[in-house]
Structures are given as C-alpha cells and as structure tokens.
Amino acid sequence: MTSYARGPDLDLTTLTTHQIFRQTVERFPERDALIVRHQNIRLTWRDLANEVERTARGLIGMGLRPGDRVGVWAANCAEWIYLQLGCARAGLVQVNVNPAYRAYELKYILKKSGMKALILRAGDSRSDYRAILEEACKGQDLALRHTIYLGEDSWARMIDAGIEAGAGPRDCHDVVNIQYTSGTTGSPKGVLLTHHNLVNNGRIIAESLRITEADRICVPVPMYHCFGCVGGTMVSINTGAAMILPAPWFDPLCTMRAVQEDRATAIYGVPTMFIAQLQHPEFSQFDFSSLRTGIMAGAPCPIEVMKRVVAEMHCPQMTIIYGQTESSPTITAASVDDSLERRTSTVGKACPATEVKIVSPSGEIVPIGEQGELCTRGYLVMKGYDQEPEATARAIDRDGWLHTGDLATMRPDGYFRITGRLKDMIIRGGENIYPREVEEFLYTHPKIADVQVIGVPDEKMGESVAAWVKLKSGATMTEDDLRDFCKGRIAHFKIPQYVRFVETFPMTVTGKIQKFVMRETEIRDRHLENAAQIRTA
Ligand code: AMP
C-alpha cells in the first residue's frame, strides 16, 4: 500500500460567493448572522445583506470596476465582513492585509497587488495605521487611488455616494481574494483564490463539523487569515450559522466570555489560543456547556491540548483540520464522528473532492507509514501566486499537485499525521531530526506548558538542537533537569544542547511561531555567527 488517498466524490458547487450568500439570506432572514462583541453589533442575515449591499454600492460608486483590487487592513471588526462579502458582491478582488504589517511590508503589498483602494482603520491600541501608510506611500508611484478610513467621514461618504452595484460576478473561477502567506519565511506571496476554491472549501469544513443554521461559531482567529475568512465567513454563509467575533484580536478572556454569553456551539483557534484559555486563571469560572465542536488548526496540535479541550471545554466533537492558504485552506479533516484517538492524534483524512499523496524527495509516492512531503490536488488548489510564475511553478507541478512543504505520514486507516516542515528539519552530523518529534516528547514533561525546538548552527555538527521552553505557572526547572528527563528516553542526538526558558515565543498574528526569529536570537546571544557562516558557505 502506498501513501495516496482520495476523499469521497462531491458534487462541487459552481455558485459564486454572493449567490451562496443570497441563498442563506433568503432561507434564514431573521436568524443571527454576525455578532461583533467589541463593536456591540448584532445582525440578522437580512441586516447583514443590507450592509453588504451598501458596501458593494459604495465601492462601485468610487469608480472601482470588476477585477479591481481592494485592500482591507484592519483587525477583526464588522466592516471586515461587509467588505469581504461586498467585494465578492461587486466582482472586486479583496486583498487581505495583515494588521501586523509595518511600512516595509505594506509598501511591498501596495506595489505588488496594484490595489486601487485601501480600506483601513486609522489606528487602534496596537498601531497607528495612518502613520504607517503615510510612510509606506512616501515617494512611491502606486496604483492606489482611494484611501478610506473605517469609522470616519471617508467611510460614511463612500457609503452615501453608492450607486447600483450591477449584477455581480457570474464566473465561479474568477479570483475573489488574495491572501498573503504569513511571513514565517521569506517575502510574502499573494495567493490567488477563486469563488470556487473558497465556497467549496467552506462547505467541506462545515460538513466535517456538521455545522447548520443552529450553530454559533466563536471566531477569535484573525479575519485576514484563511482560518477567519474561510473557516469563519465561508462556513457561515454556506450554512446560516452565526459568527461571533469576541475581540479585535485574540484575547483569552474575551473569547471565553463570548462562548459563555453568546452560547457558542463551536470554537476555533490555533493551538496557542487554546493553551492560553486553558491556562487562564479564570478558566474554571466559565460555562462552556453550549460548546459542541470546534477546530484546532494552523500549527501542530499537541495531543494533550486536544484532549483537554475535549474534556474541559466541553467540546466532545472537537476536530483538527490541516491545510494551508494555498489550498483554500483545508486539505484533511477529521469528522465529528471519528474516534477521539483519530481526532486528537491525526489531522484527519483526505477531504471530499481532494487527492492527497506523500512523496519522497525524488517524487515517488512513499509506502504507508513512511514520512515524505504532503501534496494535494483538486478544486482546492490556488490559481497561483500573484505575478510569480516561477514560485507558482515550484509550488504546483505540471500534473496539478500542490507541494505543501509539510512532512507527513499516512496510516493504514487513511488518516494523516503532520510530522514537520521540510525546511525545519535539523540535520545534526548527518542525523535527521524532526523538531516536531522532540517537541511532542518534551511536551509530556508535567512542568512544560509549551515548547519549540529549532536547529542552530554548530561548527562541528553542522547543526545542534535548541529548545525554547515555557513552563507551567509556578513551575521551576533547570537546563540539566530537562536534559536528565531526555536521557535514555530519546536518542542522544535529539537531546537539546541549548535550553532557554521563555514566557512567550516570537509569533505572527495568526499564532504561527517564527522559528527563524528564535534561530537569529540564539545565533546572536550564543555567538554562533562563525558557525552560521560555515553552514551557509
Ligand atoms: P497558513 O498558510 O498560514 O495557513 O499556514 C499553513 C501551514 O500551517 C501548513 O503548511 C502547516 O505547516 C501548518 N499547519 C496548518 N494546520 C496544521 C495542523 N493541523 N497540524 C500541523 N500543522 C499545521
């Protein structure tokens, strides 16, 4: 048997985002659609349809035409959803801009995307976006013609000057959204996604969680990322489920309050978000009994954390989903009916209408149980990277397979496990070490709350292992304690040579740990520059 799987056949829909949205509005006009707690906004599907129409009319009224690109640069808020659905309604291409971007990254995206309009919030407690924009635009010859500030006169004027938005797009293969892949490596690339990609992916996520109009999904993940704008909005418009946004950005307390007070039935998060809630001093005071299901995704999901979410957050049907921006994002998912073991220790099986294979470095499909790179094919594969034909050709091969860069194994039962990143692999004196494996092992230590393992340059061995460890509150440990715990239990070459106890990890807004920042810190603090040069030479 080889590591190839094909999900069940599915009659993919050819409806556009707006057509799907309209169907839901017509089916459930009076049901809750969107709750944005920090803005005190509560909308039914009919209310949301009005906001979306007004937004689409305003965008067209500014002179934007189908196919034009519109940037949205804000933390989670109601207008983000109006713009997402308003762009889709008007045939515009929404460009998601990460709220963590600073002038350098913003300039890059303004130029690269050729956006004609940018809708942003002038500032919040985290950033002065207006000032960052001014700096990014300085001396640049950009296509940007309209800058609209949320909550200010320019937004009201845009809405007031709205005109008939036209019939809207008809072709489901048109690009509707550009999402920039998170900056854990190199410069960001714009992923071109079509209605077909996103509508169907949303439907598949919804089916694996059995989401219906009776569900209320708590979405503390960022909207600019696929977890929010597909896992949230596209699931919601496919089913009629309400979306609850607890705060502009992740906050454990606001999330737990949202679940309790708005009776959420589903909760999303990257692993660190669940860890933050489970560890919160007020965790035990919250009532999670309304919860039924949820998704943990976006990064390796430790088994122990999954089990605690199932048991302590009242999520008997909690699942893990695996995917990436380039695949809309979902590739594999466990179903709510799967056994607890499958839902906590694997990332599920190939989704409907999705092919998955695991290949060796030479491109051969590997035997069951053997590790290799996970590739996927089907409706879910992006149209390509925006204006990057070479990068696109590297990511999607001639046969249409998207190469994810993730290492995985497939079990005989067809379930997958993600075992690391191709680029993360540590090679120490010729021994391949997968950080994920060492992390899972260290995670079994009762005092360790979270841990990240990286390779750092070593003059003799090429690389050596470093671990950054977050201890549970009140716990103490020395470097030697940690190494003693490893001795005899994992291969000697996997035992961390360097250990650093930390409170936080460097992270992107989506909770993706920036291992390259950790590596740079180690090189600087431990004076490993020489070794680093030998390695790159
Ligand atoms: P992004 O494109 O920002 O969504 O990042 C996608 C990457 O996150 C994938 O290529 C994986 O490396 C990682 N990832 C996403 N979901 C999972 C998961 N369930 N388990 C392990 N890694 C994941």
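Counting starts at 1 for both ligands and their atoms, in listed order. Counting begins at 1 with the first residue of the sequence.
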[X] to ligand 1, any heavy atom closer than 4.0 Å:
X      : value
Gly405 : no
Cys226 : yes
Thr181 : no
Val191 : no

Q: Starting from the C-alpha separation in whole Å, work towards a yes-or-no answer on salt bridge (charged side-chain N to carboxylate O under 4.0 Å, His left out) for Arg411 and Asp413.
A: CA-CA 5 Å; Arg411 311 197 312 188; Asp413 60 4; 2.8 Å; yes
Taking distance alone, with no angle check, do [X] and ligand 1 share an N/O pair under 3.5 Å?
X      : value
Gly298 : yes
Thr404 : no
Arg436 : no
His225 : yes

(Q) Checking Thr194 against His173: is there a side-chain donor and acceptor pair closer than 3.5 Å? (A) no
Q) Taking atom types as modelled, is there a side-chain donor on Gln324 or Thr404 under 3.5 Å from an acceptor on the other? A) no
Q) Does the gap between the ring centers of Phe416 and Tyr322 come in under 6.0 Å? A) no
Q. At under 4.0 Å between heavy atoms, which part of Ile320 makes contact with ligand 1: side chain, backbone, both or neither?
A. side chain
Q) Which residues satisfy the salt bridge (charged side-chain N to carboxylate O under 4.0 Å, His left out) test with Asp406, sequence neighbours excluded? A) Arg421
